[in-house]
Amino acid sequence: MTDSISDDRSRGARGRDTGAFAPAEPAVGAIMRRLIRGYVAPRWRLIAGAVVAMAVVAGTTGALPFLMQAAADRIFNGKDEQLLWLLPPLIVVVMGLRSVAEYFARIAQGYLSNRVVADLRGELYERLAFADIGFLQSAHSGRFVSIVQNDVSVVNLAATQSLTGMVQNGLQVIGLVVAMFWMDPILATIVTAALPVGTVALRKQKRKAHRAVDDTLKGVGRLGAMMAETLQAIRVVKSYNREAEEAARARREIEATLAHMMTTVKNRAATGPITEGLGGIAIAAAIFYGGWQGIHGSLTLGSFMGFMTAAMLLYQPVKALASLHNQLIEGATAAARVFAVLDHEQKITELPGAVPLKPGLGAIRFEAVSFAYEPGKPVLDDFSLDIPAGSRVALVGPSGSGKSTVMNLILRFFDPDAGRVLIDGQDIREATIASTRRASALLTQDPVLFDDTVIGNIRYGSEDASEAAVIAAAKAAAAHDFIMALPNGYQTQVGEGGGLLSGGQKQRIAFARAMLRGAPILLLDEPTSALDAESEAKIQEALDTSLVGRTVIVIAHRLSTVKKADLIVVLDAGRIVEIGRHQDLVDRGGVYARLYASQFDDGDAGAGAAATAEGV
Ligand SMILES: Nc1ncnc2c1ncn2[C@@H]1O[C@H](COP(=O)(O)OP(=O)(O)OP(=O)(O)O)[C@@H](O)[C@H]1O
């Protein structure tokens with residue numbers, strides 16, 4: 001039993017990975033085609049320029065053996081003095097041309113690969129921002145960060161660079177092989193016979209290379225998740241003296257990832273002996289055959305030297321091609337993970353003829369709604385509820401009874417499995433997503449502030465709002481006075497997550513943001529539960545005065561805050577077990593009455609409640 005508990009904990013949120021980013025062994029060809037078609041081909045002009053530059057590099061490389069042959073045959077043997085004056089400047093011109101072409105080829109290649117990275121990152125970021133909440137919750141956010149940052153870099157390093165490298169080196173190989181066959185077809189056959197043998201040997205490495213890279217990327221993703229979690233939870237980490245354990249946990253992951261990286265390194269290094277071994281045999285055979293022909297046949301020293309120059313020059317691009325093959329697999333593996341995120345099918349989508357939700361007063365209706373986050377585990381079961389416009393409704397019930405889920409469905413974060421949710425008589429599934437969400441303003445238990453100024457945070461989602469409107473919203477949220485007392489007033493930077501403000505201040509800024517949005521529906525997910533009595537009283541007062549006419553749904557554990565609600569909905573296991581006004585429910589003596597009594601028997605709850613008894 002103990003073991004299973006510790007297993008669960010070590011996996012926990014830290015180990016979450018649905019496997020969505022770890023496709024089976026990727027079809028390298030298909031992935032490369034997609035990468036080329038979608039990201040490389042649109043820059044065809046640049047590619048054309050790069051190919052021309054690479055062709056010049058290959059052509060000038062192929063010309064060098066001929067120049068060597070001419071030097072040996074006509075200058076040394078033929079004593080051609082005129083050529084002696086001509087050849088060196090010609091070599092300088094050829095080499096100069098080669099280096100200029102190489103310079104442009106490199107710039108084009110660098111731009112192309114970085115462009116692909118930029119495109120992929122932009123697309124991923126956008127896709128993640130629009131992704132379903134359910135998908136985003138399927139893995140730690142650190143893993144998504146790692147895919148955007150790390151996996152995409154591997155696509156760049158391996159896929160696009162190796163792709164251009166393959167073109168460049170491939171052209172050189174073609175140039176040199178053509179030159180060799182031109183010079184001596186038999187010698188050329190001897191040297192190039194090694195090429196197909198090497199190809200077969202390299203293919204065998206493919207599976208190993210894929211696994212190693214996949215494991216490395218997963219490890220880096222886990223490390224990213226760990227780091228994000230440790231930093232976010234740093235106050236808890238320190239207060240529990242867990243710094244050393246957190247560091248040790250990260251170190252274990254780093255060491256495991258290092259082992260996977262070393263497999264990749266060994267795979268890459270293994271291409272050396274394969275190409276070198278085969279290259280050595282080919283050159284030895286060429287020397288023997290060439291030497292034999294030199295002694296017994298008609299092969300001149302110049303022809304032999306020219307040929308051997310070509311054979312030696314061939315060695316470098318062939319070696320590069322061999323290691324690029326491994327890099328290509330690495331890049332394809334990373335690209336497959338990136339594409340898995342890009343291809344994730346959204347479940348919350350708009351119908352083809354979706355229309356904007358007509359602005360109304362915020363009446364909400366649940367019609368026989370059933371919903372489960374996971375198949376077979378129903379959270380709402382045949383749930384029907386009518387919330388008239390402008391009313392204040394409190395959702396109460398035990399933890400896990402489905403209160404937040406009701407809000408998730410109003411915001412269309414998820415769709416019901418059965419039944420309908422209507423806002424002002426319109427099925428929200430038939431409306432556009434943006435207009436549905438515009439109908440509500442959400443205030444969560446844990447207020448979310450961005451690393452921006454106070455005014456930037458209040459204006460979030462209402463960027464066009466005037467300064468006067470911002471101030472009016474801040475006043476309605478009882479925030480104006482403390483904002484004015486901040487060092488730079490509305491221009492004060494709030495720090496990461498609003499870390500430079502108190503919990504109550506953050507909540508009031510978040511409330512001002514919700515007020516500024518001017519939505520007819522306000523969803524309050526226990527927004528005051530973490531506040532001190534004074535902050536809570538201020539927010540309650542603001543709620544009472546500023547929200548007249550709006551539909552307010554509040555989730556509250558402390559029942560003192562819901563006494564004035566028009567309707568109290570008591571949930572249990574996804575069903576409404578009681579519904580009515582406070583006094584009616586107390587008089588009925590059912591679940592609510594018992595919950596209420598238990599809270600007021602409890603000394604703490606009673607004391608906390610006393611200050612806010614005039615709540616919603
Ligand atoms: N994203 C999710 N994926 C899977 N299950 C979930 C998810 N969110 C909630 N649940 C489950 O759905 C049930 C209802 O959760 P919900 O958050 O709606 O309850 P709640 O009444 O708001 O609880 P609390 O008062 O503790 O916030 C719970 O059993 C919870 O474990």
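Whatever order the structure lists them in is the order used to number ligands and atoms, beginning at 1.
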(message) With nothing but distance in play, are any N or O atoms of E374 less than 3.5 Å from an N or O of ligand 1?
(response) no
Inset, instruction - For atom 9 (C) of ligand 1, decide whether some protein heavy-atom distance is shorter than 4.0 Å. - result: yes
Open item on the list: Quiz question: by atom type and distance under 3.5 Å, do the side chains of T230 and E246 form a donor-acceptor pair?
Closed with: yes
Pairing donors with acceptors under 3.5 angstrom, does anything connect the side chains of R459 and T453? no
Min over F414, F413, Y373 of heavy-atom distance to atom 5 (N) of ligand 1 lands on Y373
Discussion item. Does this structure show an ion pair linking R34 with D343, if we count only N-O contacts that are shorter than 4.0 Å?
Written reply: yes
For the residue pair Y490 / N457, report whether a side-chain donor-acceptor contact shorter than 3.5 Å exists. no
| request: Measure from atom 17 (O) of ligand 1 to the protein's non-hydrogen atoms and state whether any distance is below 4.0 Å. | output: yes
S404 heavy atoms within 4.0 Å reach ligand 1 at atoms 17 (O), 18 (O), 20 (P), 22 (O), 27 (O)
Exercise. With only distance considered, is V379 within less than 3.5 Å of ligand 1 through an N or O on each side?
Worked result: no
- Query: Hey, are the side chains of S370 and L380 touching, using non-hydrogen atoms and a 4.5 Å cut-off?
  - Reply: no
Candidates D572, D525, N408, T405; heavy atom nearest atom 15 (O) of ligand 1 found on T405
Min over P398, G400, A573, A372 of heavy-atom distance to atom 28 (C) of ligand 1 lands on G400
Please confirm whether G397 approaches ligand 1 to less than 4.0 Å, judged on its heavy atoms. no
### Query
Is the shortest heavy-atom distance from the side chain of V421 to the side chain of D427 under 4.5 Å?
no
shortest atom 25 (O) of ligand 1-to-protein heavy-atom contact is with K403 NZ, 2.9 Å
In this structure, atom 26 (O) of ligand 1 is nearest to the protein heavy atom S399 OG, 2.6 Å
Problem set entry | Flag if over 12 foreign heavy atoms under 6.0 Å of CG, L231 | yes
Taking 4.0 angstrom as the limit, do D566 and R392 come out as a salt bridge?
no
